[in-house]
Amino acid sequence: MADYGEYTIDELMCATLAAQFKDGDEVCNGMASFIPVAAIMLALRTHAPELVWLAGAAGVDPRPDRVPASTLESPLWRDSVMYLEQYGDFWNYAQSGRHLHTFCVGAAQLDQYGNANNSVIGDDYHRPKVRLPGTAGLADMGALGKNLLYWNTNHNPRSLVEKVDFVSCPGYLGGGDERDKLGLTGGPKLVVTNLAVLDFAPDSKRMRLRSVHPGVTVEQVQEATGFELLVPSSVEETPKPTAEQVRLLRDVIDPDGMCKREAGVK
Amino acid sequence: MADYGEYTIDELMCATLAAQFKDGDEVCNGMASFIPVAAIMLALRTHAPELVWLAGAAGVDPRPDRVPASTLESPLWRDSVMYLEQYGDFWNYAQSGRHLHTFCVGAAQLDQYGNANNSVIGDDYHRPKVRLPGTAGLADMGALGKNLLYWNTNHNPRSLVEKVDFVSCPGYLGGGDERDKLGLTGGPKLVVTNLAVLDFAPDSKRMRLRSVHPGVTVEQVQEATGFELLVPSSVEETPKPTAEQVRLLRDVIDPDGMCKREAGVK
Amino acid sequence: MNKVMTIEEAVGLVSDGEIVALQNMATQAAPMALVRELIRQEKRNLGLVCLVGGMAVDWLSAAGVIDRFIGAAVSMEQFGLCNQYRKAVEGGRVRVEELSETALNARLGAGARNLPFLPTRGMLGSDLIDINDNLTLLQDPFTGETVVACRALVPDVAFIHAHRADARGNVQIEPTIKWPDLGIFPKASKKVIVTAEEIVDTEVLRRNPDRTVLPGFAVDAVVEVPYGAHPTSFFPNYTYDTAFHLEWIKVARDDEATQAFLQKYVYEPATQADYLAAVGGAERILELTR
Amino acid sequence: MNKVMTIEEAVGLVSDGEIVALQNMATQAAPMALVRELIRQEKRNLGLVCLVGGMAVDWLSAAGVIDRFIGAAVSMEQFGLCNQYRKAVEGGRVRVEELSETALNARLGAGARNLPFLPTRGMLGSDLIDINDNLTLLQDPFTGETVVACRALVPDVAFIHAHRADARGNVQIEPTIKWPDLGIFPKASKKVIVTAEEIVDTEVLRRNPDRTVLPGFAVDAVVEVPYGAHPTSFFPNYTYDTAFHLEWIKVARDDEATQAFLQKYVYEPATQADYLAAVGGAERILELTR
């Protein structure tokens, strides 16, 4: 019999993200988002059966039999109850202020104030050292009052940087009340990485260590981070996924190991 | 055998409006528009087989078997090739500047500069003597560069007035270049009534007699009009509908006589 | 979340003074059972939003439910003008904010997307702009051209009638002509109340997800009301009731006859079955569904 | 009016320097036959509009067809980044106007409705506004709130792939997920060129008018191209070609291998049948349609 007490880092990240979804919330996923998709599927099968899932911003309440090879292709929206059209449906609901309050997002660079960069590495926007994929819906989500949950399977000083090269998506800008002054509500709430869970201090809006994953030290997290983290006097340990969560993820939700591949778990 | 050399006024009006549609034009009809609908159906069966009809702004290229009891209800859009949605489809195409250049419209009041009123009779907009149905799409069509063809089955001094009580839809405003100055293109091109066909003088934009219907005199038209018409030195007679047009209208297109009812033909 | 309610509960979500966006056209697809319930519950000082309003506007005017109308037109098409509405406007009891269709779409589109305004080029040159505080001229910041800025409108509640819904509020329509209001009214409104010809299991909807027009998360109440659009049409299920429209047109000229009519068809029938019996029962229904 | 053309004639409607709005997502529903024809006809200095661009953007960059990209993202999702596009941008050969999705929708929505601009609240606080002359901050005339005005964008031509069309240009899609670009790209563009899996008689479309997404009057050219979206997916007909994507990902790292790839799959196959033979013929097609 399989031992579900053992877990892999993708499983811990899925469980941690899943815990952020409240029953009845509306959530959606973007492309190449295997861990968020598995987290949604896990929440639906555990504490949040009434979670509303807009799969790939296109299929409402689908029932894929497992995490598919793409989080923006057909097997994902099997048995949907509705097909959303992006221009007239999805973005209307996303902008309304009445729906879709929480988003799981990834970024090539995230800085100490939660500003995100998916645009360019380098100083010259028009002659970048690296052209990244682009902001997609991120620049909207960051400005439209959403709660952003960042996830990062590779916590290192190049992905968590002191200052992003380019603000594709506003976090707390220079910190303090800079975001408020622009009239922007919402913003980055949590960062879930392969090493730790982080949030933002209420006043300074600087990134703060909230919990370290089992077996990871505060020093290791700080070392893997490109700026000085706020570290509370006592840092908790991130809860491990339960045996039932591991079983569901491994045997039911992601038997093909898409999340493991995404997290670099061999 | 029926005598199709005789015709009724609704048939003449249908034939006159039909002649305005060029093959390949895109046209639509609103509610309670039996004569325009019959004119479209006539044009499709005669000189304009490729006329694109957006029936009731909702059904594309339908094939109703006859003019139905309502020009905004189901039998009208039988066999449509597409259903247009008003918010996302119809008004996008109507506003684009690339489509739908000609509209047949009616108005409770039309004045000497082609301004139209479907809003209120009386001086006080908020306490009117008569509350009319409302501008509907007319205030759009008058501002969006469309060519407007007004039709009026009851040419009299109360429907053709010197100055409308309220401008629901701009024509040439005070005349001359007033419309141009607002940057508005298009505008009223033709007025087809039960007595005559009228247009607008190129410079002054005053309403001008273009042709009188057979058996109607210039004096009769002037008498039935609430302002002084421009009358060219020679006024032509409106062409009669052909026997084939009358046959089509009477036997095929409008066997229930909806247009006759609309025109008050007993 | 189960959103199925009685019609009394659903209309109980509407408070006096609120703005109701009502799906309907001259003779099409109006959620008339909800309209009757508004009258039965004696709602007052409601605002009503319609693209084109028909008999519902007349009834709500006659019953003193509404004190303002926001929309593009009011008419019962081939049956004529709405005389009780006319009288209420002419008497100053109902105030009209008359908008062109693109302007109404712009106000509601802004409301739906949480934007303070949207522009249109419609209505320029008309007298409709000056008399309306929700419209103002604006220069395009790029070209300097003039457009009409239309202030966001967020109705408190939208009333929709549909072919079927599930208990979670997912709403489907049959592949027929698209009701003009469905594209924007429910998206712009804070709450959405839906009557459906039938409530079905969600599995039924999953067979044709392309026919689902409103997702359950954007719907607040679902009520099963067969023939809930009578006397307006609801294709492909039934057509408009010509005799009933003609009867209304006749009585609406007279206030006393109007109140007697409302008594008979609105106040007295306690249920939808009672109402259908009052309008002619099975025989009339069969005529309309032919 | 018969709008059926050969693919050579249809792409001949595009002139150097124009802006092409291309339906596609990371691995979905791209009119790839039209993309290959753009390359074969050696178009130059085209602008390309995508919500999210995939392999097509890579090919058009590698072949030197485009010199600017307007859109929200470029990626082949699980297959990785578009390296030829990256290289072209990093080398200054392709200039990027990066827009958030609501901003792209606003620019195109304004283009579609002949408005000079539309506003969004998206992107506020990002660095994307200052570097873009097509965006500017604007105060709402009613409340004074700040929005981002997005200048109208009217692409010269939209490329769409669909399940079926008739000769008059009426276009249908099967009841499957809605391609993200279909809602606005063709409405915003001056010309619309459609490839369809099959061209059918208009009578076939009339059986399911609810599936028609583009009216013939808004379409300029129709070309029948079975498997015209290969190697991207086109559900429910076929899925994306994983092996082909992996092959491209590998060669795209090397310019010489890239040109050999384009030679083999783009320049050499004279017809769609030749192309399908080159990518693996009936055997490969059967795999993708399982």
Side-chain angles (χ1 to χ4, degrees), chain B residues 31-32 34 56-59 69-75 77 80 83-91 94-95 115 117-120 122 125-145 164 166-171 173 178-179 182-184 258 261-262, chain C residues 25-28 51-53 69 71-75 77-82 85-92 94-96 98-103 105 108-109 120-128 131 145-146 148 175-185 187 233 235-236 239-240 242:
Chain B
M31 62 182 165
F34 300 98
S70 157
T71 61
L72 202 67
E73 277 282 10
S74 183
W77 34 72
S80 289
Y83 296 138
L84 292 176
E85 196 269 319
Q86 76 94 14
Y87 180 80
D89 285 329
F90 177 76
W91 280 112
Q95 290 178 91
N115 303 298
N117 177 15
N118 269 344
S119 298
V120 291
Y125 180 84
H126 290 296
R127 288 298 292 269
K129 283 210 313 227
V130 181
R131 175 68 228 184
L132 298 166
T135 189
L138 197 55
D140 294 312
M141 297 310 179
L144 293 170
V164 288
F166 187 88
V167 179
S168 306
C169 174
L173 302 166
E178 278 200 24
R179 183 180 171 90
L182 285 185
L184 302 180
M258 300 308 297
R261 190 178 310 176
E262 187 165 54
Chain C
M25 288 290 281
T27 55
Q28 279 177 36
L51 183 71
V52 175
F69 174 83
V74 178
S75 159
E77 216 219 334
Q78 75 270 33
F79 299 113
L81 293 179
C82 288
Y85 161 77
R86 269 187 61 181
K87 194 179 278 191
V89 175
E90 291 160 12
V94 169
R95 193 178 168 91
V96 179
E98 185 178 348
L99 296 164
S100 77
E101 298 192 15
T102 65
N105 284 342
L108 291 167
T120 180
R121 288 189 199 266
M123 285 188 309
L124 284 167
S126 80
D127 287 342
L128 290 162
I131 59 167
E145 287 172 273
T146 301
V148 182
T176 177
I177 213 77
K178 290 163 182 158
W179 320 127
D181 315 321
L182 200 49
I184 194 63
F185 280 23
K187 286 175 184 158
S233 65
F235 291 98
T239 187
Y240 53 93
T242 297

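Proteins get letters first, then strands, A, B, ... in listed order; numbering begins at 1 in each.
- Using a 3.5 Å distance cut-off with no hydrogens or angles, the side chains of Glu73(B) and Ser233(C) do pair a donor with an acceptor.
- When heavy atoms are compared at a cutoff of 4.5 Å, Arg95(C) approaches chain B solely by way of its side chain, counted from C-beta outward.
- When heavy atoms are compared at a cutoff of 4.5 Å, Leu173(B) approaches chain C solely by way of its side chain, counted from C-beta outward.
- The candidate from Asp127(C), Thr120(C), Thr27(C) with the greatest count of non-hydrogen atom pairs under 4.5 Å with chain B is Asp127(C).
- Taking chain C as the reference chain and counting heavy-atom pairs below 4.5 Å, the highest number among Gly134(B), Gly137(B), Ser70(B) is found for Ser70(B).
- For Phe34(B), the part lying under 4.5 angstrom from a heavy atom of chain C is the side chain only.
- Top candidate by heavy-atom pairs under 4.5 Å with chain B, chosen from Ile131(C), Asn105(C), Val74(C), Leu124(C), is Asn105(C).
- The candidate with the highest count of non-hydrogen atom pairs below 4.5 Å against chain C, out of Pro128(B), Gly142(B), Gly145(B), is Pro128(B).
- Of the inter-residue distances, the one linking Glu77(C) atom CD with Met31(B) atom CE reads 6.5 Å to the nearest 0.5 angstrom.
- For Leu99(C), the part sitting under 4.5 Å from any heavy atom of chain B is the backbone (N, CA, C, O) and nothing else.
- Contact check for Tyr125(B) versus Val96(C): side-chain heavy atoms found under the 4.5 Å cut-off.
- Of the possible donor and acceptor atoms, none in the side chain of Gln86(B) sits under 3.5 Å from a partner among the backbone N and O of Trp179(C).
- Chain B forms the most heavy-atom pairs under 4.5 Å with one residue out of Ser75(C), Pro180(C), Ala103(C), and that residue is Pro180(C).
- Under the 4.5 Å side-chain criterion, counting only non-hydrogen atoms from C-beta, Asp140(B) is in contact with Thr102(C).
- Options Glu90(C), Met123(C), Lys178(C) differ in how many heavy-atom pairs under 4.5 Å they form with chain B, and the most are formed by Glu90(C).
- Ranked by non-hydrogen atom pairs under 4.5 Å with chain B, the options Leu81(C), Thr176(C), Leu51(C) are led by Thr176(C).
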* Please assess Glu98(C) against Thr135(B) for the test side-chain hydrogen bond (donor to acceptor under 3.5 Å, both in side chains), listing each intermediate value before the final yes or no. => CA-CA 7 Å; Glu98(C) 185 178 348; Thr135(B) 189; 4.8 Å; no

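- Here the straight-line distance linking atom CE of Met258(B) with atom CD of Gln78(C) works out to 6.5 Å at 0.5 Å rounding.
- With a 4.5 Å cut-off on non-hydrogen atoms, Glu178(B) does not touch chain C at all.
- Annotation: side-chain hydrogen bond (donor to acceptor under 3.5 Å, both in side chains) contacts of Ser80(B) (sequence neighbours excluded): none.
- Using a 4.5 Å cut-off between heavy atoms, Phe166(B) contacts chain C through both its backbone and its side chain.
- For the options Leu144(B), Thr71(B), Leu184(B), Val130(B), heavy-atom pairs under 4.5 Å to chain C are most numerous at Val130(B).
- In terms of heavy-atom pairs under 4.5 Å with chain B, the best-connected choice from Pro236(C), Gly183(C), Ser126(C) is Ser126(C).
- For Leu84(B), the part lying under 4.5 angstrom from a heavy atom of chain C is the backbone only.
- Across Tyr87(B) and Gly109(C), no two heavy atoms sit closer than the pair OH-CA, 3.4 Å.
- Heavy atoms of Val89(C) lying under 4.5 Å from chain B belong to its backbone as well as its side chain.
- Contacts of Pro175(C) with chain B are made by backbone atoms alone, with heavy-atom separations under 4.5 Å and no side-chain atom involved.
- Interface remark: Phe79(C) contributes no atoms to any contact with chain B (heavy atom separation under 4.5 Å).
- If you measure heavy-atom distances from Ala57(B) to chain C, you find no contacts under 4.5 Å at all.
- Among the candidates Gly59(B), Ala32(B), Pro133(B), Ala143(B), the residue making the largest number of heavy-atom pairs closer than 4.5 Å to chain C is Pro133(B).
- For Asn118(B), there are no side-chain hydrogen bond (donor to acceptor under 3.5 Å, both in side chains) partners two or more places apart in sequence or in a different chain.
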